[in-house]
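Taking it in order: structure first as structure tokens, then the write-up.
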There are 2 protein chains.
Amino acid sequence: MVSVVQAEAMLTIGRLASYAGVTIRAVRHYHQIGLLREPERDASGYRTYDAAAVVRLIRIRTLAEAGVPLARVRALLDADPETFTAATTEIDRQLRAQIRALQEHRRRIARLGCGDSLAVPEEVVDYLERLRAIGAPAALVEAERDAWILMAARWPAAIPAIMAEKVAQLANPAVVRLYQLIGRIAENWRDEELLRETADLMSELFEQAAASGELDRQDEIMPDAAFIRLMDSFADAAHPAVARLRELVAERGWTGWTRVERRDP
Amino acid sequence: MVSVVQAEAMLTIGRLASYAGVTIRAVRHYHQIGLLREPERDASGYRTYDAAAVVRLIRIRTLAEAGVPLARVRALLDADPETFTAATTEIDRQLRAQIRALQEHRRRIARLGCGDSLAVPEEVVDYLERLRAIGAPAALVEAERDAWILMAARWPAAIPAIMAEKVAQLANPAVVRLYQLIGRIAENWRDEELLRETADLMSELFEQAAASGELDRQDEIMPDAAFIRLMDSFADAAHPAVARLRELVAERGWTGWTRVERRDP
DNA sequence: ATGCGGGGTTGACGCTGCGTCAGGGTCAAG
DNA sequence: CTTGACCCTGACGCAGCGTCAACCCCGCAT
């Protein structure tokens, strides 16, 4: 008679799942990976569960919802209290790490949201703003942005110092004039007169930089010839005027572009 | 000549990946899903990348690391500022939700860590503690715990009220005596004398409960005959003495176990 | 008897974002 | 000529199920 009572109290997979608050598919998955014992079947092949299965399933669900990987759930369910406590401590550590990572993501997303700063460090964003402010053409600012993305990827640590220097340079009226000339080149890049004037100005600025020791510092900061060539080719690809300017500047005794050096005699 | 410079500045997939800070496998994956254009190949079939690919790859990485699903990255990379801002706002919402969920997990894990509260609501943990305190045998406490896991799964909202009632009952000296008798049954469950004494006491308690209207409230709280049968079968499975006690209690005019009713005449 | 709706059964593919073989070819250096 | 560090394609694997497909079973209304 007891067995009759039990038979009446048996559950189908659907009722088991709904009592435990999981999907039928999840229950079968747990069977597959051996988390939950396959129960007896009735005459027509249906799985027949008892109350103990509900309890075990709820335990599984509790751990799984707490973010415990199923592989660990198996061990945890049959663990002694000490092992269990140790494991939960460990899992809590992982959860904290995940939360920190997500918060970091939020910070980055927030930074992305404001302005064109996709993948660009803050200092560079600031510098680009100032470039726009002194009237540099939009296309140049975009090209600069991409170039600094590359630089920041290669030497992230050097970016703050370089940017500080760049921003300081913008106080130099000659530099401002340079960007204004570039603005005019953007409108008419076949004007040889204009290009020559710009090259003269650049040559002058390089002279100043050499005198202040800036060019030597560049060599220290960027000791990777292959990467410098990459940056140069990137500049060349940005606009045809760049190649012409490089020629003109070379005539005035300077080689390179990303990293400028006085040409050996 | 420009093309020679470009050729020299071309990158293999490995150098591209290292500049952008991703794995080679990731780059190939982005090719596969169309996030990054497949570049030209050299004579031996190697992919040859330019600097622009590095920039695009860094953009992809930035978004991906910020937790943006790759499917969205594709759209975001070419989006106008408004769409972009809207999307980042949306993504930030999702991140917040994820963080909240993980924090909830941490809370739960923390609760799991202390004591036997795996999947048991707090109120029940408290009640089980008190049961132990009055000397209930460990096996009974475990059985009770599992039974309350089931109850909490079926009627979570009712648990606080039920537990308050249960705790209050423990102030009744007769109830304390009941659990002490059960403790003795746990040691020798074939002692008919003891079982009879226990059944008498239970009958008496049921009488009190019926008088105070508790039994009627039970009917309201648990209107699910099939589930009640499940709980009963669970109790029967817990210990052979349960079945015998049910018989003896039935002789005294009570049917059921999880939900007790005066037997119809 | 028959049809219907709502259970159940197994099996297999899909999703994310790559990691990780397997089984090759290429390139520069010793 | 070998070695080691690259590159190539193709394919499986991972967690945790969701979601068909194609079929069986049961109770109820017709």
Side-chain angles (χ1 to χ4, degrees), chain A residues 7-8 10-36 38-49 53 57 59-77 91 94-95 98 101-102 105 226, chain B residues 7-8 10-36 38-49 53 57 59-77 91 94-95 98 101-102 105 226:
Chain A
E8 267 179 38
M10 292 315 253
L11 303 170
T12 64
I13 196 170
R15 289 165 60 54
L16 168 78
S18 83
Y19 282 149
V22 303
T23 64
I24 293 178
R25 184 62 182 85
V27 175
R28 292 206 263 245
H29 182 60
Y30 299 154
H31 286 320
Q32 238 180 351
I33 64 176
L35 252 186
L36 194 63
E38 279 270 5
E40 306 290 303
R41 309 295 184 105
D42 68 8
S44 55
Y46 288 17
R47 294 175 178 85
T48 55
Y49 298 91
L57 187 49
R59 285 226 179 80
I60 293 171
R61 190 196 71 171
T62 306
L63 287 169
E65 282 186 348
V68 181
L70 295 187
R72 294 194 118 190
V73 169
R74 177 162 38 249
L76 275 185
L77 281 179
I91 288 164
Q94 291 180 4
L95 283 179
Q98 281 186 41
L102 285 183
H105 287 171
Chain B
E8 268 178 35
M10 291 316 254
L11 303 171
T12 64
I13 196 170
R15 287 163 59 54
L16 168 78
S18 85
Y19 281 148
V22 304
T23 64
I24 293 177
R25 184 61 181 87
V27 175
R28 291 206 264 248
H29 183 59
Y30 298 154
H31 285 320
Q32 237 180 354
I33 64 175
L35 252 187
L36 194 62
E38 277 272 4
E40 307 290 301
R41 307 296 183 107
D42 70 8
S44 54
Y46 289 16
R47 295 176 177 85
T48 55
Y49 298 90
L57 187 49
R59 285 228 178 80
I60 294 171
R61 189 196 72 172
T62 306
L63 286 169
E65 282 185 348
V68 182
L70 294 188
R72 294 194 118 192
V73 169
R74 175 161 40 249
L76 275 185
L77 282 180
I91 289 164
Q94 290 179 4
L95 282 179
Q98 279 185 41
L102 284 183
H105 288 169

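The sequence lines fix the lettering, A, B, ..., with proteins before strands; numbering per chain opens at 1. Values in this document were obtained by computation on a predicted structure and should not be read as measured data.
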Rounded to the nearest angstrom, tell me the gap between atom [atom1] in [X] and atom [atom2] in [N].
{"X": "A:Gln32", "N": "C:dA12", "atom1": "CD", "atom2": "C1'", "answer": "10 Å"}
{"X": "A:Leu35", "N": "D:dA15", "atom1": "CG", "atom2": "C1'", "answer": "12 Å"}
{"X": "A:Tyr46", "N": "C:dT10", "atom1": "OH", "atom2": "C1'", "answer": "13 Å"}
{"X": "B:Arg15", "N": "D:dA5", "atom1": "CZ", "atom2": "P", "answer": "17 Å"}
{"X": "B:Ile13", "N": "D:dC6", "atom1": "CD1", "atom2": "P", "answer": "14 Å"}
{"X": "A:Arg74", "N": "D:dG16", "atom1": "CZ", "atom2": "C1'", "answer": "13 Å"}
{"X": "A:Asp42", "N": "D:dC26", "atom1": "CG", "atom2": "P", "answer": "8 Å"}
{"X": "B:Ile60", "N": "C:dG17", "atom1": "CD1", "atom2": "P", "answer": "12 Å"}

Check your understanding: Stepwise, does the side-chain contact (heavy atoms from CB on, under 4.5 Å) test hold for B:Tyr30 with B:Val73?
Key -> CA-CA 11 Å; B:Tyr30 298 154; B:Val73 169; over 6 Å; no
Just verifying a value: how many Å separate [X] [atom1] and [Y] [atom2], rounded to the nearest 0.5 Å?
{"X": "B:Ile60", "Y": "B:Leu76", "atom1": "CD1", "atom2": "CG", "answer": "11.5 Å"}
{"X": "A:Thr48", "Y": "A:Leu16", "atom1": "OG1", "atom2": "CG", "answer": "11.0 Å"}
{"X": "B:Arg15", "Y": "B:Met10", "atom1": "CZ", "atom2": "CE", "answer": "12.5 Å"}
{"X": "B:Leu35", "Y": "B:His29", "atom1": "CG", "atom2": "NE2", "answer": "8.0 Å"}

Is [X] close enough to [N] that one of its side-chain N or O atoms is under 4.0 Å from OP1 or OP2 there?
{"X": "A:Thr23", "N": "D:dG18", "answer": "yes"}
{"X": "B:Arg47", "N": "D:dT9", "answer": "yes"}
{"X": "B:Thr12", "N": "D:dC6", "answer": "no"}
{"X": "B:Ser44", "N": "C:dG25", "answer": "no"}

Review point. Tell me, which of residues 24-31 of chain B have any heavy atom that sits under 4.0 Å from an atom in DNA chain C?
Key: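 Within this stretch, B:Arg25, B:Ala26, B:His29, B:Tyr30 sit under 4.0 Å of the strand.
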Review point. If you look at every heavy atom in A:Arg74 and A:Ile33, which pair is closest and at what distance?
Key: NH1-O, 2.6 Å
Practice item. Could you tell me whether the side chain of B:Arg61 and the main chain of B:Val22 form a donor-acceptor pair under 3.5 Å? Key: no
Review point. Does the side chain of A:Leu77 reach to within under 4.5 Å of the side chain of A:Leu63, using non-hydrogen atoms?
Key: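 When only atoms from C-beta onward are counted, A:Leu63 and A:Leu77 do touch, with a gap below 4.5 Å.
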Review point. Would a 4.5 Å heavy-atom cut-off, applied to side chains only, mark A:Tyr49 and A:Val27 as touching?
Key: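 Yes. Closest side-chain heavy atoms under 4.5 Å.
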Point to revise | Those residues that, when tested against A:Arg47, pass salt bridge (charged side-chain N to carboxylate O under 4.0 Å, His left out) (two or more places apart) | key: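 Partners of A:Arg47 by the salt bridge (charged side-chain N to carboxylate O under 4.0 Å, His left out) criterion, ordered by chain and then number, come out as A:Glu38.
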Touch class at under 4.0 angstrom, heavy-atom based, for [X] against every strand present:
{"X": "A:Leu70", "value": "sugar-phosphate"}
{"X": "B:Arg41", "value": "sugar-phosphate"}
{"X": "B:Ile33", "value": "nothing"}

Check your understanding: What is the bend of the helix from C:dA1-D:dT30 to C:dG30-D:dC1 when you compare the axis at one end with the axis at the other, using five pairs each and rounding to 10°?
Key ->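 The value is 30°.
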